[in-house]
Amino acid sequence: MRHATNEEIQDLADGRIDAARAQELREHLEVCDACSAELRGIEELKELAMGLAVGSDPPEGEWERIHARITGVTRPMPSRASGRVPAGGFFPLRRAAAWALLAVAAGGGAIVFGSGDGPAPAVEVAELGPAQSVDAAYAQSVYDLELIFEEGASQLSPETLAVIEENLAVIEEAVERARAEIEADPGSVALARSLDTLYGAKVRVLSAAVALADER
Amino acid sequence: MTTLTDREVDTGALVARARKGDVSAFEALYRANAPRVFGVCLRMAASRDEAEGWSQEIWIRVWERIGTFRSESRFSTWLHRLSVNLILDRKRSDARRADRRVKMESTWTEQESFDQREDMLDLKKAVDQLPDRARTVFLLYDVEGYKHREIAERLGVAEGTVKAHLHRARRMLREALAG
């Protein structure tokens with residue numbers, strides 16, 4: 001009887017061969033050391049491979065980051081200096097940005113993010129004024145997008161980078177002006193809406209920049 | 001008649017609550033399943049950073065889609081498939097970015113404490129050295145338990161191609177382990 005092909009032996013090991021041919025092959029294997037060694041090698045590898053299917057502790061702080069995204073209220077997080085942004089996470093960032101816009105449009109911000117070195121305490125947004133709510137709602141999205149943009153900026157041409165930075169500078173300047181006006185009138189809903197619009201523009205510019213860098 | 005174990009009943013109750021927006025129930029599901037999800041991510045990723053990004057993204061997607069989970073299937077099976085689908089989507093889009101290739105680094109460090117057998121460590125190192133597509137097919141078939149047809153559908157290739165990648169991967173691994 002002819003030797004079994006490598007494909008036939010693989011199929012036999014995987015149980016992907018009809019019963020009649022399997023029986024023929026098994027009869028051949030009983031008298032053929034080469035073919036039976038081939039089958040044994042594949043079966044040993046398959047058995048060893050099953051041992052790879054183990055779990056692994058998730059990264060520290062993963063739940064806190066997930067929690068922040070799905071609820072909009074952060075739990076204590078690492079400071080910006082020590083925090084790491086996972087690669088390939090653009091989708092949730094866009095979701096977060098879109099969510100932030102929705103949250104503000106619905107009349108209440110939700111994300112609260114610390115600006116100091118220490119972890120930020122979770123704060124209910126209901127305690128905040130309108131402008132603070134806007135700040136809070138956008139903080140996480142802008143923060144994430146800025147970090148991702150910084151990472152991907154080198155992928156962009158100097159001309160593109162210049163246009164993006166120019167746009168961001170214009171928006172930042174307008175944000176500063178709005179903040180100054182809000183300081184004089186902290187309860188103003190109209191000023192809070194202006195700030196909301198400006199942050200929305202910043203999120204859109206940063207999202208577009210991240211998408212551009214992502215395509216390169 | 002099929003009877004459910006206590007764990008399955010618990011999971012079912014948690015899923016039902018999570019579907020209604022109960023974050024604490026979702027956290028319990030996360031705590032129970034996060035190691036398994038991250039394990040898949042680590043096996044399939046080219047780097048730990050990539051695995052971390054995928055893992056977080058998977059859980060956001062689980063939260064968004066838990067309403068589509070049908071209770072007749074096991075939650076762990078549904079979660080595993082959702083995880084693998086997202087990972088393959090991400091690998092596909094990464095492959096299109098030719099200038100963004102990530103140098104393969106070992107992603108097994110976290111798993112080594114589970115099994116220090118020498119042959120297992122050798123296998124892990126050898127898997128890391130496989131060409132990307134062969135590695136993906138080997139992991140999906142021999143580790144994650146997918147069928148040829150399912151892998152072919154997810155990768156958008158013919159079943160024969162999957163088989164060829166699998167054979168190649170096994171041959172290379174056996175050579176590496178024998179050497």
Side-chain angles (χ1 to χ4, degrees), chain A residues 5-7 9-11 13-16 37-38 40-73 75 84-96 99 144 148 151-152 155 213-216, chain B residues 23 26-27 30-31 33-43 45 47-57 59-61 63-64 86 90 93-94 96-97 99-100 102 108 110-111 114-115 117 119-120 123-124 127 138-139 141-145 148 163 166-167 170-171 173-174 177-178:
Chain A
T5 64
N6 183 270
E7 186 174 349
I9 294 176
Q10 301 259 2
D11 284 344
D14 290 335
R16 288 172 47 85
E38 181 71 14
R40 199 164 50 249
I42 295 167
E43 287 175 339
E44 283 170 2
L45 177 64
K46 282 169 66 74
E47 192 181 332
L48 197 58
M50 287 168 68
L52 293 179
V54 293
S56 193
D57 287 342
E60 193 179 343
E62 182 179 70
W63 169 251
E64 283 70 24
R65 290 189 289 275
I66 292 165
H67 183 270
R69 292 196 189 286
I70 65 177
T71 66
V73 179
R75 291 179 173 191
R84 277 200 306 168
V85 172
F90 295 161
F91 173 75
L93 297 177
R94 293 198 189 102
R95 293 281 312 173
W99 173 87
D144 282 341
I148 295 287
E151 281 186 354
Q155 305 287 334
D214 197 21
E215 285 167 9
R216 299 304 167 99
Chain B
V23 176
F26 186 65
E27 181 175 2
Y30 167 84
R31 301 278 176 211
N33 294 281
R36 190 156 177 259
V37 169
F38 194 55
V40 178
C41 292
L42 276 178
R43 283 192 289 280
S47 68
R48 186 180 169 84
D49 275 356
E50 188 173 50
E52 290 185 6
W54 289 347
S55 178
Q56 185 171 320
E57 200 173 341
W59 284 103
I60 300 292
R61 189 166 289 190
W63 172 255
E64 291 170 343
L86 184 139
R90 290 295 164 268
S93 54
D94 280 352
R96 285 199 289 266
R97 293 192 290 266
D99 60 341
R100 211 167 160 259
V102 183
W108 303 105
E110 290 295 314
Q111 297 188 359
F114 284 85
D115 195 331
R117 281 171 50 191
D119 52 358
M120 188 63 74
L123 176 61
K124 290 169 180 175
V127 169
F138 172 76
L139 289 171
Y141 189 83
D142 277 338
V143 181
E144 309 298 341
H148 286 128
K163 227 169 146 178
L166 180 63
H167 293 181
R170 284 173 171 172
R171 179 176 49 74
L173 290 173
R174 288 176 62 206
L177 294 174

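Values below: every heavy atom of this structure, side chains too, minus hydrogens, waters and symmetry copies. The sequence lines fix the lettering, A, B, ..., with proteins before strands; numbering per chain opens at 1.
- Within the model, atoms CZ of B/Phe138 and CG of A/Leu52 stand 6.0 Å from one another, a figure rounded to the nearest 0.5 Å.
- Interface residue B/Arg170: backbone and side-chain heavy atoms are both found under 4.5 Å from chain A.
- Residues satisfying the ring pair (Phe, Tyr, Trp, His ring centres under 6.0 Å) test with B/Tyr141, not counting sequence neighbours, are B/His148.
- Residue contact with chain B, scored on non-hydrogen atoms closer than 4.5 Å, involves the backbone and the side chain of A/Glu38 alike.
- Interface residue A/Asp14: backbone and side-chain heavy atoms are both found under 4.5 Å from chain B.
- Take B/His167 and apply the ring pair (Phe, Tyr, Trp, His ring centres under 6.0 Å) test, not counting sequence neighbours, and it matches no residue.
- Checked by atom type and distance alone, the side chain of B/Arg43 pairs as donor or acceptor with a backbone atom of A/Val54 at under 3.5 Å.
- Interface residue A/Glu7: backbone and side-chain heavy atoms are both found under 4.5 Å from chain B.
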